[in-house]
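Here the structure is laid out as structure tokens; the discussion comes afterwards.
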Amino acid sequence: MENSSSVTFYDFLDKMRNPSSLDLVRSIKSFIVSFSFHAANPENNGKRVQEFFSTMEAAIIDHPLWADASDEEIDRAMEGLEKYVMTKLFARTFAVSPEDAMIDQEISEKICLLQTFLRPEHLDIPAVLRNESSWLLAEKELQKINAFKTPREKLLCIMSCCRVINNLLLNASLSEDHVPGGADDFLPVLIYITIKANPPRLHSNLRFIQLYRRQEKLISEAAYYFTNLISAKSFIMDLSAKSVSMDEMEFEKSMEAARQANNSSQVEHSLALDEASMLGEHAYPATATTIETETTTSGRLNYPYMEAEPGELTVEDVERLLKLYKDVVTKYTSLCKTVRYLSMPRMGVIPPPSRGTGALSSQSEETSANASHQANSSSILEGTDFLSLEPQETSEDVHHKGEVQRSENCTKEVHKLGVDEMEAKIVKGFQQNTD
């Protein structure tokens with residue numbers, strides 16, 4: 001399924017690189033850019049995206065590149081378009097609402113409590129359906145949902161999970177004396193697997209699929225599985241002693257014990273952080289000019305606050321982190337300047353043009369402008385501008401790779417010359433530039 005998705009996406013990219021698709025490319029780029037002009041509003045954004053997909057589908061059907069194309073080919077093009085657009089807009093469309101983030105946290109925290117005591121019999125799951133290996137496989141599929149950036153891929157994770165459950169029900173009905181109960185069997189197993197998996201940002205992922213997956217694709221099997229997971233999420237949010245086969249007193253005691261155990265683990269974690277912070281005071285003087293590291297007996301570097309949560313920081317911690325941040329920025333800026341200097345070609349300074357070459361210079365600029373205008377259509381589709389990048393790679397990734405390569409070259413030269421000789425070389429180079 002994943003390989004088929006990649007082929008479909010690359011086929012879409014190849015079509016978009018064709019010069020005759022320039023009008024489609026401009027429409028796509030314009031729509032993506034327009035998102036930055038609007039305040040984050042999931043409902044409105046969902047409507048805008050769905051309207052854009054409908055408009056683009058009509059444009060693709062009428063486009064010469066898809067002349068006499070079958071419905072399946074049009075559908076593949078739209079799948080490629082959805083993947084490209086939603087990958088680019090992911091940061092502006094996924095979990096952008098504070099309310100969604102709050103619901104995600106509430107669900108995750110409640111599931112953490114339920115995991116400590118809830119058992120299959122509490123959900124009336126028949127013994128014939130308690131297959132740990134199948135359940136583990138379904139859990140792993142559901143846990144993948146937050147690793148993807150497109151609604152289709154997230155939906156495929158849900159479908160893979162539910163198909164495992166469906167196969168389990170089918171095998172049980174064939175090999176055991178068990179009459180299939182349909183949704184009466186399917187939903188309790190899905191609820192239990194969801195609790196066991198505790199997928200990250202469950203609410204936000206479901207909402208993302210609901211808003212941005214093309215509506216004509218949320219039908220049939222996909223719609224059935226998706227609706228069942230929404231029902232499972234709602235059941236978990238409202239779960240109480242009345243929802244399960246469990247005595248109310250026992251349920252409340254179990255929940256309270258889980259809360260206390262959770263609080264105890266948080267206190268222990270906080271104490272461990274305080275101890276690490278106290279040790280860090282000796283290894284990391286709280287100054288804006290020095291960041292030291294201490295090597296532990298296991299050979300690992302000890303950095304304070306690496307495991308800390310926002311709510312665990314004190315005012316003193318924030319002040320200290322601010323000083324460290326300023327120190328890091330200062331040193332990073334200096335390092336970047338050094339790396340840029342070392343990566344510059346060793347060439348002489350190009351003299352400015354003489355006064356007698358003004359006309360020639362103007363003519364050259366005009367020629368260059370004409371050439372740039374003629375190459376405009378191809379430049380949109382080539383290089384790192386639009387569709388030449390890998391599906392998950394952005395211009396920031398390309399820039400980061402260049403910076404990493406230059407940093408590695410700088411490190412190699414430092415090891416080769418030695419720190420003192422390298423420093424003397426840098427100072428001499430800056431003096432020559434100043435002169």
* To do: Check step by step if salt bridge (Lys or Arg N to Asp or Glu O under 4.0 Å) holds for Arg214 and Glu51.
  => CA-CA 10 Å; Arg214 288 189 296 141; Glu51 290 173 359; over 6 Å; no
* Give the C-alpha distance, both sets of side-chain angles, the deciding distance and a yes or no for side-chain contact (heavy atoms from CB on, under 4.5 Å) between Gln143 and Cys157. => CA-CA 8 Å; Gln143 287 171 342; Cys157 294; over 6 Å; no
* **Trace of the side-chain contact (heavy atoms from CB on, under 4.5 Å) decision for Val85 with Met56** => CA-CA 12 Å; Val85 170; Met56 287 300 298; over 6 Å; no
* Asked: Can you list the steps and then say if Glu106 with His203 is a side-chain contact (heavy atoms from CB on, under 4.5 Å)?
  -> CA-CA 10 Å; Glu106 290 177 358; His203 172 75; over 6 Å; no
Please list, one pair per line, the donor and acceptor atoms closer than 3.5 Å that link side chains of residues 132-139 to other protein atoms, with sequence neighbours excluded.
from, atom 1, to, atom 2, distance (Å)
Ser133, OG, Asn131, OD1, 2.6
Trp135, NE1, Leu129, O, 3.2

Hey, can you pull the donor-acceptor pairs under 3.5 Å for the side chains in residues 193-201, sequence neighbours left out?
from, atom 1, to, atom 2, distance (Å)
Thr194, OG1, Leu190, O, 2.7

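The pair Arg76-Glu72 meets the salt-bridge criterion, with a side-chain N (NZ, NE, NH1 or NH2) lying under 4.0 Å from an Asp/Glu carboxylate O. Between Glu43 and Arg207, at least one side-chain nitrogen of the basic residue sits less than 4.0 Å from a carboxylate oxygen of the acidic one, meeting the salt-bridge criterion. Salt bridge Glu153/Lys144: absent, no basic N to carboxylate O contact under 4.0 Å. A salt bridge links Arg17 with Asp14: the distance from a Lys NZ or Arg NE/NH1/NH2 to an Asp or Glu carboxylate oxygen falls below 4.0 Å. A salt bridge links Glu121 to Arg130: one of the charged nitrogens lies within less than 4.0 Å of a carboxylate oxygen. Note on Glu141 versus Arg163: no salt bridge recorded, every NZ/NE/NH1/NH2 to OD/OE distance being 4.0 Å or above.
When only modelled atom types and interatomic distance are considered, Ser245 and Asp124 share a side-chain donor-acceptor pair under 3.5 Å. For the residue pair Ser204/Asp104, the side-chain donor-acceptor check at 3.5 Å is satisfied.
Taking OG of Ser20 as the start and CG of Leu65 as the end, the distance is 3.5 Å to the nearest 0.5 Å. Atom-to-atom distance recorded for Phe9:CZ and Leu81:CG is 9.5 Å, nearest 0.5 angstrom. Atoms CG and CD, from Asp71 and Glu73 in turn, are 9.5 Å apart once rounded to the nearest 0.5 Å. For the atom pair CG of Leu118 and CZ of Phe251, the computed distance is 8.0 Å after rounding to the nearest 0.5 Å. Between atom CD1 of residue Ile145 and atom CG of residue Leu156 there is a gap of 10.5 Å, rounded to the nearest 0.5 Å. Here the NZ-CG distance, from Lys233 to Leu206, works out to 6.0 Å after rounding to the nearest 0.5 Å.
Between Tyr192 and Ile125 the shortest heavy-atom distance is CB-CD1, 3.8 Å. Scanning both residues, Asn45 and Arg92, for their nearest heavy atoms gives ND2-O, 4.0 Å. Scanning all heavy atoms of the two residues, the minimum distance from Tyr212 to Pro151 falls at O-CG, 3.6 Å. Residues Leu155 and Ile209 approach most closely at N-CD1, 3.7 Å, considering heavy atoms. Heavy-atom minimum distance, Ser34 versus His38: O-CD2, 3.1 Å.
Side chain of Thr116 to backbone of Cys112: no donor-acceptor contact under 3.5 angstrom is found. Of the possible donor and acceptor atoms, one in the side chain of His122 sits under 3.5 Å from a partner among the backbone N and O of Arg119. The backbone N or O of Ser27 sits nowhere less than 3.5 Å from a side-chain atom of Ser30 that would complete a donor-acceptor pair. Side-chain atoms of Thr227 do not come within 3.5 Å of backbone N or O of Tyr224 as any donor-acceptor pair. Formation of a donor-acceptor pair under 3.5 Å by the Ser21 side chain with backbone atoms of Lys15 is found in this model.
Ring geometry, Phe94 versus Phe90: the interplanar angle falls under 30°, so the pair is classed parallel (tilted spans 30 to 60°). The aromatic rings of Tyr225 and Phe186 lie parallel to each other, their planes meeting at an angle below 30°, with 60° marking the opposite boundary.
Between Phe208 and Asn205 the shortest side-chain heavy-atom distance does not fall below 4.5 Å. Residues Phe53 and Gln215 fail the side-chain proximity criterion, which asks for heavy atoms closer than 4.5 Å. Looking at Lys110 and Met237, their side chains never come closer than 4.5 Å, going by heavy atoms from C-beta outward. The side-chain heavy atoms of Val96 and Pro42, taken from C-beta on, include a pair separated by under 4.5 Å. Contact annotation: the side chain of Pro126 approaches that of Asp185 to within less than 4.5 Å [non-hydrogen atoms, C-beta and beyond]. Considering only heavy atoms from C-beta on, Leu187 stays 4.5 Å or farther from Phe235 through its side chain. Residues Thr150 and Tyr84 form no side-chain contact, since every pair of their non-hydrogen atoms from C-beta on lies 4.5 Å or further apart. Counting heavy atoms from C-beta outward, Ile61 and Glu57 have side chains that approach closer than 4.5 Å.
Among residues at least two apart or in separate chains, there is no salt bridge (Lys or Arg N to Asp or Glu O under 4.0 Å) pair with a member in residues 244-255.
Environment of CD in Glu256: crowded, with over 12 heavy atoms of neighbouring residues, nucleotides or ligands closer than 6.0 Å. By the neighbour-count criterion of 12 heavy atoms within 6.0 Å, atom CG of Asp62 is densely surrounded, having more than that number from other residues, nucleotides or ligands.
Tested against Glu82 for a salt bridge (Lys or Arg N to Asp or Glu O under 4.0 Å), the candidates Arg213, Arg152, Lys149 yield a single pass: Arg213.
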